[in-house]
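A short write-up of the structure that comes next.
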Amino acid sequence: MKRPLQVTLLVLSGLGLLHASLFTDLSLRFVKEGMRPMLVASGVLLLVLGVAEAWSHQKPADEDGHEDADADADADRHVDAHGHDHSTVPRIAWLLFLPALSLLFYAPPALGAYTAAREAPKAVTEQRYFDPLPATSPVPLTLTQFTSRVQQDHKRDIGGRSVRMTGFVTPDKGADGWYLTRIIFTCCAADAQSVKVRIHGAAALPADTWVTVTGTWHPGGTLGTSSAPAALDARTVKKVAKPVNAYTDALPLF
C-alpha cells in the first residue's frame with residue numbers, strides 16, 4: 001500500500017476508535033466499560049503513528065521550489081527479483097478502510113432481541129447460600145438474581161414476594177408470554193450471553209423496548225429447584241430509557 005494511503009488508514013482508524021470510545025458511547029456496544037481506556041489509548045496511538053509517518057516522509061523542496069517527485073515515485077516503486085512491479089495497491093487492501101469508516105459513519109447495530117431469541121439463556125451459576133430478601137416491596141433484583149433464587153434457594157423466600165426487574169423485550173411468537181432479557185458481556189460482543197425471564201399476564205411491547213416489570217413468581221415445577229421456571233406474573237410494565245451501559249445485568253432502573 002502506498003504511503004499516503006497508509007497514513008490515511010492510520011488516521012481514520014485512530015479517529016474511528018476515539019469517536020467510538022471517547023466522544024460517544026458506541027464502544028459499549030462491543031466491549032465492556034473497563035476496556036474503554038485501552039480503546040482511547042489505541043486511538044491516540046494510531047493518530048500519533050499516522051502523523052509521524054506523514055511527517056517523517058516529507059520531502060524538502062528543490063532549488064526551484066518544487067518537491068522531488070521522481071524521488072517519491074522511486075520510493076513508492078517496488079520491483080521484485082522477477083521484475084514484477086508491486087507498487088500498486090492490492091485490491092484487498094481497500095477493505096481495510098471499511099472498519100475505520102464504519103466506526104466514524106455507520107457503527108453496527110447493538111445486540112438485542114434478535115440475538116437473544118436465537119440463543120439459549122446463560123446457565124445459572126451454582127449458589128448455595130442466599131442472604132435474606134430485604135423487607136422492601138417490590139424487591140429490586142437483577143434477572144440473574146431472580147433466576148438463581150427461583151431455581152436454587154431452598155428457603156423459597158422468593159415465593160409470593162413482589163419483585164422489580166429491568167431489561168428489554170424479546171418476543172416469543174407462538175407461545176404464552178414474552179421474555180424480559182439482558183445481554184451480558186464477559187469481555188466483548190463475541191462472548192455475549194443472554195439472561196431471560198418469561199413474562200406472563202402482560203402484552204408484549206415491540207422488540208428491544210426497555211421496560212421495568214413488577215410482579216410475582218409464576219408458579220411451576222418445584223420452587224427452589226431447577227424444575228422451577230424463571231418466570232414472572234406481571235403486575236405492571238413500564239417503559240424506561242435504555243441504560244448507557246446496557247450489557248450488564250444491573251439492578252432495575254427507577
Side-chain angles (χ1 to χ4, degrees), residues 20 25-33 35 99 102-103 106-127 138 140-152 158 163-221 223 225-253:
D25 294 315
L26 288 177
S27 64
L28 298 181
R29 297 184 182 183
F30 317 115
V31 297
K32 292 185 68 173
E33 172 72 24
M35 298 184 69
S102 69
L103 287 174
Y106 181 74
L111 300 182
Y114 180 88
T115 301
R118 286 160 176 78
E119 66 173 17
K122 179 183 178 182
V124 180
T125 303
E126 184 177 352
Q127 185 173 345
L141 293 174
T142 68
L143 274 65
T144 300
Q145 289 171 342
F146 176 78
T147 303
S148 295
R149 287 206 176 253
V150 166
Q151 298 183 347
Q152 298 187 26
I158 201 72
V163 301
R164 178 171 57 223
M165 296 179 288
T166 293
F168 61 85
V169 175
T170 298
D172 188 17
K173 296 181 179 180
D176 177 29
W178 47 278
Y179 289 106
L180 184 68
T181 311
R182 285 276 195 166
I183 289 180
I184 304 171
F185 287 175
T186 302
C187 171
C188 58
D191 58 23
Q193 293 181 299
S194 63
V195 182
K196 295 187 281 190
V197 172
R198 182 176 287 280
I199 304 299
H200 298 272
L205 294 171
D208 294 315
T209 302
W210 280 82
V211 295
T212 292
V213 181
T214 301
T216 56
W217 174 65
H218 179 80
L223 185 61
T225 71
S226 59
S227 66
L232 199 73
D233 286 324
R235 188 171 72 246
T236 63
V237 178
K238 180 182 178 182
K239 291 179 64 174
V240 295
K242 179 181 178 180
V244 173
N245 191 1
Y247 297 107
T248 59
D249 190 15
L251 287 171
L253 303 174

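Numbers here are sequence positions counted from 1.
- Between Met35 and Ser27, every side-chain heavy-atom pair lies at or beyond the 4.5 Å cut-off.
- The line from CZ of Arg149 to CG of Leu141 is 7.0 Å long, rounded to the nearest 0.5 Å.
- When all heavy atoms are compared, the tightest approach of Phe168 to Gly112 is CE1-C, 3.6 Å.
- How far OG1 of Thr236 is from CZ of Arg164: 8.5 Å, rounded to the nearest 0.5 Å.
- In this structure, Gln152 contributes its side chain and Thr125 its backbone to a donor-acceptor pair below 3.5 Å.
- Distance check, rounded to the nearest 0.5 Å: NZ of Lys242 to OG1 of Thr209 gives 11.5 Å.
- Here the options are Val150, Ile199, Leu143, the test is side chain to side chain contact (heavy atoms under 4.5 Å, CB included), and the partner is Leu232; only Ile199 passes.
- Of all the heavy atoms in Ala113 and Asp208, the pair that sits closest is N-OD1, 2.6 Å.
- With rounding to the nearest 0.5 Å, the separation of NE2 in His200 from CH2 in Trp178 is 11.0 Å.
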Hey, mind stepping through Phe185 and Val31 against side-chain contact (heavy atoms from CB on, under 4.5 Å) and telling me if it holds?
CA-CA 7 Å; Phe185 287 175; Val31 297; 5.7 Å; no
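- Side-chain contact check for Thr186 and Gln193: no donor-acceptor pair (N or O, by modelled atom type) lies under 3.5 Å.
- Smallest separation of non-hydrogen atoms from Phe146 and Ala231: CZ-O, 3.4 Å.
- Of the inter-residue distances, the one linking Ile183 atom CD1 with Lys196 atom NZ reads 9.5 Å to the nearest 0.5 angstrom.
- The closest side-chain donor-acceptor pair between His218 and Asp233 falls under 3.5 angstrom.
- Annotation: side chain of Thr144 is in contact with side chain of Ile184 (closest heavy-atom distance under 4.5 Å).
- When all heavy atoms of Val169 and Pro171 are compared, the closest pair comes out as O-CD, 3.9 Å.
- Scanning both residues, Gly220 and Pro229, for their nearest heavy atoms gives O-CD, 3.0 Å.
- A donor-acceptor pair under 3.5 Å is formed between the side chain of Tyr247 and the backbone N or O of Leu111.
- Going from atom OG1 of Thr248 over to atom CZ of Arg182 covers 5.5 Å, rounded to the nearest 0.5 Å.
- Taking all atoms of both residues into account, the shortest heavy-atom contact from Pro140 to Leu251 is O-CD2, 3.8 Å.
- No hydrogens or angles considered: a donor-acceptor pair under 3.5 Å links the side chains of Ser227 and Thr225.
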